[in-house]
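Source: prediction; values computed, not measured. Heavy atoms only: backbone and side chains are in, while hydrogens, waters and symmetry mates are out. Order of listing sets the numbers, starting from 1, for every ligand and every atom in it.
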Amino acid sequence: SKPPVKVTVTGAAGQIGYALLFRIASGQMLGPDTPVTLSLLEITPALKAAEGTAMELDDCAFPLLSGIEITDNATAAFDGTSIALLVGARPRGPGMERGDLLAANGGIFKPQGQAINAGAADDIKVLVVGNPANTNSLIARSHAPDVPADRFSAMMRLDHNRALSQVAKKLGVSVADVTNMTVWGNHSATQYPDLFNARVGGRSVAEQVEQEWLESTLIPTVAKRGAAIIDARGASSAASAANAAIDHIHTWVHGTPEGDWTTAGVVSDGSYGVPEGLMSGFPVTAENGQWKIVQGLDINEFSRGRIDKSVAELVDERDAITGLGLI
Ligand code: NDP
């Protein structure tokens, strides 16, 4: 049988970690033939809680789970790792300015980038989930100069899945019938789900819905879904965020279906006018473990304006972390 793949999860004792680890260990992320070793990275006060989660993982007797390591040391956590899911981040506290938030996250993602650079496996793939995910991913990437830039990514897949689901409901079709969806830009309120290029039954979704619904219902519903879930559940989304992380890595490793694409936050090569180096949501295919930005899509005036607005926010965040000396 295959040798185990080391998977590192940071913030492992948090809510998303709790929803994520059992699915990784059961084979839903890397497939039913790939054993995994889990490495759980936590801050020192959360190590005990991480040990509790590890006890439950043991109690599942997952045949594919070949070992669990728990540590508060980033160098150890990323040593030899092939998949890194960076979930732990500093949440925005009351009265916290954006600069404070970015500085606090710089203190987390810079050393993690350095540890990945120093010790990760040659086939390392990094997904940043912890917010602000795109910019945290940029910070980590900047401190891993020996790792190819395209091995770093940021999670846009939950936004993508939310958009698929809303469109399927609206048109009365199955989510599997909605293809070619893209959520452009930043994982934030400015993100732009593109229904012009999305398709159902071989036709553009935008042709099958009113512009009014697209602008006044779909876009805000997808952008504010996280807040709506907090309001309903009394806690932030965790299972759906974990599910999106599983989907993201599964697609990255196993590829996209012929004729379709997905959304991932990946390093811009300047495509679609997104400044080079930013971590932005793009339409991407995956083949042989590599993302490729889909080229040549038609971007109409409405889409252009929305994409530019979200990308401007990414530029602002990049300028802020540059000013703080974080990259
Ligand atoms: P969660 O597990 O709920 O969330 C973790 C991160 O994921 C947050 O930054 C959160 O952003 C983000 N996130 C991204 N998408 C979503 C989504 N759709 N819904 C909800 N969150 C999303 O946080 P917990 O507080 O439960 O757990 C965090 C853990 O991380 C703690 O155990 C803490 O100790 C640990 N931690 C570990 C670090 C490390 O390993 N070095 C560093 C910092 C923290 P948002 O805040 O915007 O909701």
From the options [options], select the one whose nearest heavy atom is closest to [atom].
{"atom": "atom 14 (C) of ligand 1", "options": "Ile108, Val129, Leu158", "value": "Val129"}
{"atom": "atom 27 (O) of ligand 1", "options": "Ala244, Gly11, Ala77, Gly14", "value": "Gly14"}
{"atom": "atom 20 (C) of ligand 1", "options": "Ala241, Ala239, Pro132, Ser237", "value": "Ser237"}

If you have a sec, work out which protein heavy atom is nearest [atom] and how many Å separate them, to one decimal?
{"atom": "atom 38 (C) of ligand 1", "value": "Ile43 CG2, 3.7 Å"}
{"atom": "atom 4 (O) of ligand 1", "value": "Ile16 CD1, 3.4 Å"}
{"atom": "atom 26 (O) of ligand 1", "value": "Gln15 N, 2.8 Å"}
{"atom": "atom 6 (C) of ligand 1", "value": "Val87 O, 3.1 Å"}

Contact check: Asn131 vs ligand 1, nitrogen or oxygen atoms, below 3.5 angstrom: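 Yes, Asn131 has an N/O under 3.5 Å of an N/O on ligand 1.
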Hydrophobic cluster identity match, [X] and [Y], side-chain contacts under 4.5 Å:
{"X": "Ile249", "Y": "Ile124", "value": "no"}
{"X": "Val178", "Y": "Phe196", "value": "yes"}
{"X": "Leu41", "Y": "Phe152", "value": "yes"}

Contact between [X] and ligand 1, counting heavy atoms under 4.0 Å?
{"X": "Arg92", "value": "no"}
{"X": "Ala13", "value": "yes"}
{"X": "Glu42", "value": "yes"}

Tell me whether the count of non-hydrogen atoms from other residues, nucleotides or ligands lying under 6.0 Å of [atom1] in [X] goes above 12.
{"X": "Asn288", "atom1": "CG", "value": "no"}
{"X": "Gln211", "atom1": "CD", "value": "yes"}
{"X": "Arg306", "atom1": "CZ", "value": "yes"}
{"X": "Arg225", "atom1": "CZ", "value": "no"}

Is any side-chain N of the basic residue among Lys6 and Glu69 closer than 4.0 Å to the acidic one's carboxylate O? yes
Is Glu210 salt-bridged to Lys170, going by a charged N under 4.0 Å from an acidic O? yes
Numbering as shown, the atoms of ligand 1 that approach [X] to under 4.0 Å (heavy-atom distance):
{"X": "Ala89", "result": "9 (O), 43 (C), 44 (C)"}
{"X": "Thr10", "result": "40 (O)"}
{"X": "Gln112", "result": "39 (C), 41 (N)"}
{"X": "Ala46", "result": "34 (O)"}
{"X": "Leu41", "result": "40 (O)"}

Is the Trp291 to Phe282 ring centre distance short of 6.0 Å? no
What's the verdict on ring-ring contact (aromatic ring centres under 6.0 Å, His included) for His160 and Trp261, showing C-alpha distance, side-chain angles and the deciding distance? CA-CA 11 Å; His160 176 98; Trp261 64 70; 9.4 Å; no
Quiz question for you: does at least one protein heavy atom lie closer than 4.0 Å to atom 40 (O) of ligand 1? yes
